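What follows is a short report on a single structure.
Everything quoted here is computed from the prediction, not taken from an experiment. A note on names: the letters A, B, ... follow the listed sequences, proteins ahead of strands, and every chain is numbered from 1. Atom set for the values below is all heavy atoms of this structure, side chains included, hydrogens, waters and symmetry mates excluded.
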Number of protein chains: 2
Amino acid sequence: MPIPRAAQTQRRTRIQEEKEEQILEAALDVFSQNGFKGATIDQIAEVAGMSKPNLLYYFRTKEAMHRALIERVLDTWLDPLRAFDAEGNPESEIRSYIRRKLEMARDYPRESRLFANEVLRGAPLIEDELKGPLKQLVDEKAEVIRAWAKAGKIAKCDPYHLIFSIWSTTQHYADFDVQVRAVLGQEKDGDGRFEDAARFLEQLFMGGLSIRA
Amino acid sequence: MPIPRAAQTQRRTRIQEEKEEQILEAALDVFSQNGFKGATIDQIAEVAGMSKPNLLYYFRTKEAMHRALIERVLDTWLDPLRAFDAEGNPESEIRSYIRRKLEMARDYPRESRLFANEVLRGAPLIEDELKGPLKQLVDEKAEVIRAWAKAGKIAKCDPYHLIFSIWSTTQHYADFDVQVRAVLGQEKDGDGRFEDAARFLEQLFMGGLSIRA
DNA sequence: CAATAATTTGACCGTTTGGTAAACATTACA
DNA sequence: TGTAATGTTTACCAAACGGTCAAATTATTG
């Protein structure tokens with residue numbers, strides 16, 4: 001048989017592992033910068049260092065590539081929120097959640113932009129993920145926050161919007177990086193802006209939740 | 001002469017005004033949802049209710065359309081920040097800035113997404129605007145905030161990151177609307193989420209800046 | 001109303017794009 | 001080592017795309 005596509009085989013060969021990894025790495029580069037429609041298979045193939053048909057041997061369509069990429073990244077993307085611990089104390093939990101999210105914006109900006117692009121155009125590929133697993137996870141953590149508020153450990157506030165605001169403020173430094181750099185100017189060009197942001201955001205959220213440091 | 005392009009003429013006819021308006025309105029729809037590369041001229045023409053060559057009679061290229069659109073929108077987009085008044089008192093100024101930005105996210109989500117798309121892909125068209133006029137405006141307002149902090153009217157904080165955090169938290173409700181809806185579920189489907197968001201954000205920023213309400 | 005300028009359209013063009021077919025090369029394994 | 005499965009490449013296709021052109025239509029004005 002001439003066409004046993006990689007995706008159809010039962011066991012994955014060493015080559016499959018390597019090449020798929022290579023492709024997804026390249027795809028992350030291209031998709032995150034140009035969005036789904038803006039990215040071309042040729043571009044991804046070039047970055048991955050292989051021919052277009054070879055690439056399509058591993059992923060049958062552009063959409064299949066995008067889907068595989070997003071699903072893989074989504075999983076690790078939510079790790080910080082999953083680490084949010086009901087048993088811990090509010091201050092350190094919220095503090096470290098902000099810090100982790102900010103570190104992800106600094107260290108994995110492509111992943112952040114990939115999501116931003118996807119959500120911006122209506123999240124056609126991950127709608128179910130958002131309404132299902134994501135909502136469930138957020139519901140769970142929102143309950144934790146609400147309990148903290150009820151116990152008087154933090155100020156009463158809407159836990160959902162608290163989570164949204166942590167997401168947005170931290171991811172801003174990845175998604176709007178160009179704008180942030182432009183406004184801050186060249187003097188603050190290294191990763192110093194992340195430290196400043198961390199300091200500010202801690203102050204903002206600790207104060208906003210009436211937690212004195 | 002057969003081709004006196006609209007853009008080249010000295011005076012604008014009534015028809016030119018109307019059609020260019022029509023086109024930019026349609027372009028806003030399409031560009032904001034699909035990004036620059038993802039949008040097609042045919043799509044815009046269809047939404048605008050005219051033929052593709054007719055559209056290209058008013059804007060010679062897709063990029064010209066995009067540029068015209070972005071420049072026009074950018075101007076009104078910064079109005080809330082411009083309204084930021086050094087003479088006013090910190091509490092009401094920051095409060096109303098947040099409120100205005102949130103209203104814009106609610107009432108002009110397409111404009112917000114247009115920018116998000118543009119900045120996400122590196123802002124090739126507005127790089128100069130960002131580094132010039134925008135930076136200048138932000139610098140100016142940052143100085144106002146810094147003065148407030150120095151006078152003890154608000155807590156000491158990095159004014160740039162304060163502005164970034166207001167931008168990100170408010171625009172989040174336009175740019176990530178799909179995600180917000182998915183997480184909040186259907187029960188909170190009307191514009192109620194904006195009121196909740198406004199309440200939360202006021203609490204967050206007033207507390208974060210040590211302003212008691 | 002005539003004539004000139006402005007606007008609109010259908011047909012078309014070259015390029016880019018996502019994807020395929022089939023021949024060729026390599027690897028894994030009996 | 002031979003052979004079947006896996007992997008790679010060259011050449012190609014149809015559709016979509018940005019944009020052009022000349023002809024037809026409509027609006028403006030002397």
Side-chain angles (χ1 to χ4, degrees), chain A residues 1-24 26-27 29-31 33-70 117 121 124-125, chain B residues 1-24 26-27 29-31 33-69 121 124-125:
Chain A
M1 283 299 148
I3 316 180
R5 298 274 184 180
Q8 294 170 353
T9 57
Q10 302 291 344
R11 297 182 194 172
R12 326 189 53 158
T13 67
R14 173 186 52 90
I15 293 181
Q16 276 173 37
E17 300 269 8
E18 287 173 8
K19 291 298 168 93
E20 287 178 14
E21 182 59 37
Q22 226 178 98
I23 291 168
L24 290 181
D29 246 48
V30 178
F31 279 129
Q33 203 162 53
N34 304 99
F36 179 71
K37 288 191 188 177
T40 72
I41 300 182
D42 299 78
Q43 239 178 317
I44 298 171
E46 198 191 327
V47 174
M50 61 180 79
S51 68
K52 177 166 66 172
N54 195 8
L55 200 155
L56 287 163
Y57 171 74
Y58 292 100
F59 296 93
R60 309 241 278 275
T61 65
K62 188 173 136 179
E63 192 188 310
M65 275 184 46
H66 197 228
R67 175 166 273 127
L69 179 61
I70 273 203
N117 265 309
R121 71 198 56 215
L125 258 55
Chain B
M1 281 304 145
I3 315 181
R5 298 272 184 180
Q8 293 170 355
T9 58
Q10 302 291 344
R11 298 181 194 172
R12 325 189 51 157
T13 68
R14 174 185 52 90
I15 293 181
Q16 276 171 37
E17 300 270 6
E18 288 173 8
K19 290 300 167 89
E20 287 178 13
E21 182 59 37
Q22 226 179 97
I23 291 168
L24 289 180
D29 246 49
V30 178
F31 280 129
Q33 202 162 52
N34 304 100
F36 179 71
K37 289 190 188 178
T40 74
I41 300 181
D42 298 78
Q43 238 178 316
I44 298 171
E46 198 191 328
V47 174
M50 61 181 78
S51 67
K52 178 167 65 170
N54 195 8
L55 199 152
L56 287 164
Y57 171 75
Y58 293 100
F59 296 93
R60 310 243 275 279
T61 65
K62 188 173 135 179
E63 193 189 309
M65 277 184 43
H66 196 227
R67 175 166 274 127
L69 180 60
R121 69 200 55 213
L125 258 55

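The CD atom of A:E46 sits 14 Å away from the P atom of C:dT16 (whole-angstrom rounding). Distance, A:I23 CD1 to D:dG7 P: 11 Å, rounded to whole Å. When rounded to the nearest whole Å, the span between CD of A:Q43 and C1' of C:dT16 equals 12 Å. Taking atom CD1 of residue A:I41 and atom P of nucleotide C:dG19, one finds them 5 Å apart after rounding to whole Å. If you measure from atom CG of A:L55 to atom P of C:dT20, you get 13 Å, rounded to the nearest angstrom. Look at CD on A:Q16: it is 12 Å from P on C:dA28, rounded to the nearest Å. Protein atom OH of B:Y57 is 15 Å distant from nucleotide atom C1' of D:dA22, rounded to whole Å.
Under 4.0 angstrom from either OP1 or OP2 of C:dT8 there lies no side-chain N or O belonging to B:S51. The phosphate of C:dT9 has OP1 or OP2 within less than 4.0 Å of a side-chain N or O from B:N54.
One distance of note links CD1 of A:I41 with OG1 of A:T61; it measures 7.5 Å at 0.5 Å rounding.
Within 3.5 Å, no donor on the side chain of A:K19 pairs with an acceptor on the base of D:dG7, nor the reverse. Scanning atom types as modelled, no donor and acceptor separated by under 3.5 angstrom connect the side chain of B:K62 and the base of D:dG19.
Across its full length, the helix from C:dC1-D:dG30 to C:dA30-D:dT1 shows an angle of 10° between the axes of its 5 terminal pairs at either end, rounded to 10 degrees.
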